[in-house]
Number of protein chains: 2
Amino acid sequence: MRYSKTHKEETRRKLLDSSRALVKKGGFDTTGVEALMSAIGMTPGAFYSHFPSKQALLEAVIQEELEHSIGMFRPGPQNDLETFRKRLKVYLSASHVRHPEAGCVLPALGAELGRGAPQVRGMVEEGLNRMHANWKEALGDEDAAWAALSQCVGALVLARSVKSEAARTRILEANRAHIERLLDAARKPA
Amino acid sequence: MRYSKTHKEETRRKLLDSSRALVKKGGFDTTGVEALMSAIGMTPGAFYSHFPSKQALLEAVIQEELEHSIGMFRPGPQNDLETFRKRLKVYLSASHVRHPEAGCVLPALGAELGRGAPQVRGMVEEGLNRMHANWKEALGDEDAAWAALSQCVGALVLARSVKSEAARTRILEANRAHIERLLDAARKPA
DNA sequence: GTCTATATCTAGATAGAC
DNA sequence: GTCTATCTAGATATAGAC
């Protein structure tokens, strides 16, 4: 055979990894199949050997992105509040704002998810519920967990929407400072 | 003359009002000039009598949307915490989630703003700063104002991204409950 | 499995008639 | 100022050669 038997799945892996970054950086609707394929050095025609449609790729991308995001905050051996605090600081960092291609899918695709097919929104719902369970475990409060999730996603959206570096920094630092209070309240509850 | 002298500005008004809703509902890149024009009963060619490009329309849309959003939370004669609380409940309502076309531009365009031209991001930055000033006045805390803004925008993004009505309600109610605590803390500060 | 080439559609934008 | 018609470019997707 002209191609090894693992060649196809390797190509699919490369395509998926590359597309996850490109889609988060440029948006799903606005990133074409040609761009996705040329990013891995191939031509658009080959795309359809791996996915039946562009929509099918989106579903695979969302699935892997959510799994990855859940993993980032999954309780580990030392899932104490301090670990959680460190992860939050990474989430609310200037680096995360500057590099959507390497970051969380929720602020990166944002409104596009809300306009997505029911299948996509179902996947997001399940992923969010699992994230919430982890955050609740760390914060010890159901409402605070949803609020912190919302705050983090919103902070990234806003920080990316402003023009100046100064404004970006202000938004991020204010959010970090405020969430510190939330963590303090969780550590020593009234 | 075949058209009254106010005809052009009336058409422009109709186009802008209609486009503001359509763009928030369907996204900017994904809503075509043909759709924008046919929504006001006209053909795509006439678009360029009013705006030199689609990008120019976006800038006008963002400008008016931000003005409107600022106005929604502007301190009025009775801008006490109770008034602010009522406005927050409207923002975090199921109706707002269901009707992006009539709601806030920030969660509706979300990531599209972050990918926008510097000119657009400059407008967003100025608008956000004015919103923040109002929220800070109501909450009495600079960091809390940025956090609440972020939380509200993020909550709308997340609530719109899930599939079931139950999940939508859960996210909204948790955010409302949590922000109530913020308001209580602002009313009687430690 | 991937390529080249192309079919088909829709986008943003322009030209010229009325 | 608006319409019809069209240009050009880009999109998703398919056909057939290698």
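Lettering follows sequence order; numbering is per chain, from 1.
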(request) Verify, without hydrogens or angle tests, whether H96(B) (side chain) and C104(B) (backbone) share a donor-acceptor contact under 3.5 angstrom. (result) yes

(message) Determine whether a donor-acceptor pair (N or O, by modelled atom type, separation under 3.5 Å) exists between the side chain of K54(B) and the backbone of V33(B).
(response) no

(message) Under 4.0 Å, heavy atom to any atom of DNA chain D: which of residues 42-58 of chain A qualify?
(response) G45(A), Y48(A), S53(A), K54(A)

Between [N] atom [atom2] and [X] atom [atom1], what is the distance in whole Å?
X      : N       : atom1 : atom2 : value
R13(B) : dG1(D)  : CZ    : C1'   : 18 Å
L36(B) : dA13(C) : CG    : P     : 11 Å
M37(B) : dT2(D)  : CE    : C1'   : 8 Å

(message) Any salt bridge linking R115(B) with D29(B)? Criterion: basic side-chain nitrogen under 4.0 Å from a carboxylate oxygen.
(response) no

(message) Could you check whether E67(B) pairs with R130(B) (Lys NZ or Arg NE/NH1/NH2 to Asp/Glu carboxylate O, under 4.0 Å)?
(response) yes

(message) Using a strict heavy-atom distance below 4.0 Å, which residues from residues 109-120 of chain B are in contact with DNA chain C?
(response) none

(request) Give me the residues of residues 27-35 of chain B where at least one heavy atom lies under 4.0 Å from an atom of DNA chain C, by number, or none. (result) T31(B), G32(B), V33(B)

(message) Restricting to salt bridge (Lys or Arg N to Asp or Glu O under 4.0 Å), what partner residues turn up for K163(B), sequence neighbours left out?
(response) none

(request) Would you please name every residue forming a salt bridge (Lys or Arg N to Asp or Glu O under 4.0 Å) with E82(A), sequence neighbours left out? (result) R85(A), R187(A)

(request) Output yes when at least one side-chain N/O atom of T11(B) is less than 4.0 Å from OP1 or OP2 of dG1(D), else no. (result) no

(request) Check the pair E64(A), R13(A) against salt bridge (charged side-chain N to carboxylate O under 4.0 Å, His left out), reporting the backbone distance first and the verdict last. (result) CA-CA 11 Å; E64(A) 296 206 346; R13(A) 241 309 18 99; 2.8 Å; yes

(request) Return each pair, listed once, that meets ring pair (Phe, Tyr, Trp, His ring centres under 6.0 Å) where at least one residue sits in residues 141-179 of chain A; pairs must be two or more places apart or across chains. (result) H132(A)-W146(A)

(request) Begin with the C-alpha distance, continue with both residues' side-chain angles, and end with the deciding distance and a verdict on salt bridge (charged side-chain N to carboxylate O under 4.0 Å, His left out) for E165(A) and R98(A). (result) CA-CA 10 Å; E165(A) 199 60 41; R98(A) 265 194 297 264; 3.5 Å; yes

(message) Set out, in order, the CA-CA distance, both residues' side-chain angles and the distance that settles side chain to side chain contact (heavy atoms under 4.5 Å, CB included) for C152(B) and I179(B), then state yes or no.
(response) CA-CA 9 Å; C152(B) 285; I179(B) 220 162; 4.0 Å; yes

